[in-house]
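In what follows, a structure is listed as structure tokens, so that the remarks can point back to it.
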Amino acid sequence: MSMIHDQSPHDQSRRAFLKRSALLGLAGTATPFVSSLAAIGEAAAATASDYKALVCVFLYGGNDYANTLVPYDETSFAAYRTARPNIAYQRDALAGSVLNPAVALPGGRAYALSPAMPELRQLFDAGKMAVALNVGTLVEPTTKTQFTNRTVKLPPKLFSHNDQQSFFQASNPEGATSGWGGRIGDVFQNGNGTAALTCINTSGNAIYLSGRTAIQYAVGTGGPVALLNNSKTLYGSSSALDALRGVMTAESSYAMATEHARITKRAFDVQAQLSSALAGAPSGNFPLFPSNNNLADQLKMVARMISVSQTLGLKRQVFFVSMGGFDLHDNLVAQHPVLLAKVSAAMKAFYDTTAAMGVANQVTSFTASDFGRTLQSNDGGADHGWGGMHFVVGGAVRGQRFYGKAPIVGVNTSDDVGSGRLLPSMSVDQYAATLASWFGIDSGGLRTVLPNIGNYDASTWNQGFMG
């Protein structure tokens, strides 16, 4: 039994807090920080001369793959309609949404986007969006026979929301302490002028952005979250506000209290620095984003932060935005298109904004989700699945193409482990490795960022959708 199980949860939390906060306190000083990374076995810290940003768009609840990217060739469409007669699109409703790739899929296969996503279809046609087919959580390459016989390692608690959200984001189930976005941040934060702004979350907290040393910084759609209040006084007194801030940041003879005060002071300082930078951001209020769309509001905040990245001395940033509501066991026909429409409009507006800012080639956004859903419908929706279809958007994307293997459409196929649950053919690790490689992570670093990537042939690590 591992020794960690002999520690109390309190001891484990305290040790993790002290180690992470101590390392964060050194983040502005190159040599001690690199030494600390080496001491705990991290990938070598890296620097960059250009700017790049990765933006994870997480769709919580498990997005329905079959009504997002709809099989359109006659054979596949017939199998799709048979499996979900009560929730499938009519074929004639898809005629204006068919994707015309620059390289045709084998066997005459064809797909259409949901009619609710015309903006993403425009990006695909313009070569700015790629489609990753049948992506999902795996530990190692897995066939249906191996899955059935349990002769390979499988992600624990398949089809569980919390565990598969965590496994997608962290390569470990619920309880993971770091995610692959945060581990990318570990490598690059020392090269950023404001290291605390390497990993940015606009939607609360996500294991995806927690590094082994990098700590995610939360912002709201209106900017950095105020630690006390947005005024310059407390109960009408600036002296009272200063006194409270002093108490919160005062050193102590107790180690935990001192570390808490140090982190609090850093939070105050970063909040002031970011607020000042955003106040000087380009005017115009980023008019391309639609209203009444929280995902668009989050991506607008990301765009605002990218616009001041040079002011803050930032070279690499990893962002996380999210949207919920995709756990549609029923009422899928009414609700799913509404959700997809918001995703499509928000991601197109974000791409167009980065193009207007002149940084489209340096910013890549990509979708992620707990899992796909079953092809076979229930009364009005679909149940928890496994593999799903995902989109990658940006100027550096090798777009207007499908990547990965198009799964056979139907139930009880070689690509299905039950009710049309897709057995993934592209692992999250391979999907992530392609993005991380573009970001500047070398092959050695990939093994640290993605602990399961070594289970795959190195020739398959990069799936080719990034330029």
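Atoms considered below: every heavy atom in the structure, side chains included; atoms not considered: hydrogens, waters and symmetry mates.
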[X] versus [Y]: any side-chain heavy-atom pair under 4.5 Å?
X      : Y      : value
Met129 : Val397 : no
Phe58  : Asp370 : yes
Ile87  : His336 : no
Leu295 : Val343 : yes
Phe391 : Val57  : no
Met347 : Thr367 : yes
Val131 : Tyr111 : no
Met466 : Val392 : yes

Nearest heavy atoms of [X] and [Y], plus distance in Å:
X      : Y      : value
Ala196 : Tyr217 : O-CB, 3.4 Å
Asn462 : Ser437 : ND2-CB, 4.1 Å
His329 : Asp383 : ND1-OD1, 3.0 Å

Has [X] got a side-chain atom pairing as donor or acceptor with [Y]'s backbone, closer than 3.5 angstrom?
X      : Y      : answer
Trp386 : Gly136 : no
Thr434 : Gln430 : yes
Asn63  : Phe326 : no

For Tyr431 and Phe465, take the angle between the two ring planes, folded into 0 to 90°, and tell me which bin it lands in: parallel under 30, tilted 30 to 60, perpendicular over 60.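 Tilted: the ring planes of Tyr431 and Phe465 meet at 30° to 60°.
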
Once you measure the plane-to-plane angle for Phe188 and Phe439, does it fall in the parallel (<30°), tilted (30-60°) or perpendicular (>60°) bin?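 Aromatic pair Phe188/Phe439 classed perpendicular.
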
How about [X]: does its [atom1] atom have over 12 heavy atoms from other parts shown lying under 6.0 Å from it?
X      : atom1 : value
Asn149 : CG    : yes
Lys144 : NZ    : yes
Asp50  : CG    : yes
Lys153 : NZ    : no
Glu74  : CD    : no

Can you find a side-chain donor-acceptor pair between [X] and [Y] that sits under 3.5 Å?
X      : Y      : value
Ser178 : Arg183 : yes
Ser171 : Asn452 : no
Ser76  : Asp73  : yes
Ser322 : Ser203 : yes

Pick one: which of Ile200, Val363, Val55, Leu54 meets side-chain contact (heavy atoms from CB on, under 4.5 Å) with Gln317?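 Passing option: Ile200.
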
Just do the side chain to side chain donor-acceptor pair (under 3.5 Å) check on Thr137 and Gln164 with the steps written out, would you? CA-CA 7 Å; Thr137 57; Gln164 296 313 299; 2.8 Å; yes

Pi-cation contact, Phe286 with Arg304 (under 6.0 Å, within 45°):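 Because its charged atom misses either the 6.0 Å distance or the 45° angle limit, Arg304 does not stack over Phe286.
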
Among Asp186, Asn190, Asn192, whose side-chain hydrogen bond (donor to acceptor under 3.5 Å, both in side chains) with Thr198 holds?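 So, applying the side-chain hydrogen bond (donor to acceptor under 3.5 Å, both in side chains) to Thr198 and each of Asp186, Asn190, Asn192, only Asn192 qualifies.
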
Test applied, ring-ring contact (aromatic ring centres under 6.0 Å, His included); reference residue, His161; option that passes from Phe168, Phe371, Tyr60, Phe167: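 Testing His161 for a ring-ring contact (aromatic ring centres under 6.0 Å, His included) against Phe168, Phe371, Tyr60, Phe167 leaves exactly one candidate, Phe371.
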
Can you tell me how far the CG atom of Asp352 sits from the CG atom of Leu288, to the nearest 0.5 Å?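 Going from CG on Asp352 over to CG on Leu288, the span is 6.0 Å.
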
Hey, are Arg373 and Asp64 close enough for a salt bridge, meaning a charged N less than 4.0 Å from a carboxylate O?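 Salt bridge absent between Arg373 and Asp64.
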
Check this for me: does any side-chain nitrogen of one of Asp415 and Arg421 sit under 4.0 Å from a carboxylate oxygen of the other?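 Result for this pair is no, no salt bridge flagged.
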
Can you check ring-ring contact (aromatic ring centres under 6.0 Å, His included) on Phe366 and His390, steps first, answer last? CA-CA 7 Å; Phe366 61 95; His390 289 290; 8.9 Å; no

Checking side-chain contact (heavy atoms from CB on, under 4.5 Å) for the pair Met389/Leu133: CA distance, chi angles, key distance, verdict? CA-CA 5 Å; Met389 313 303 186; Leu133 297 168; 3.9 Å; yes

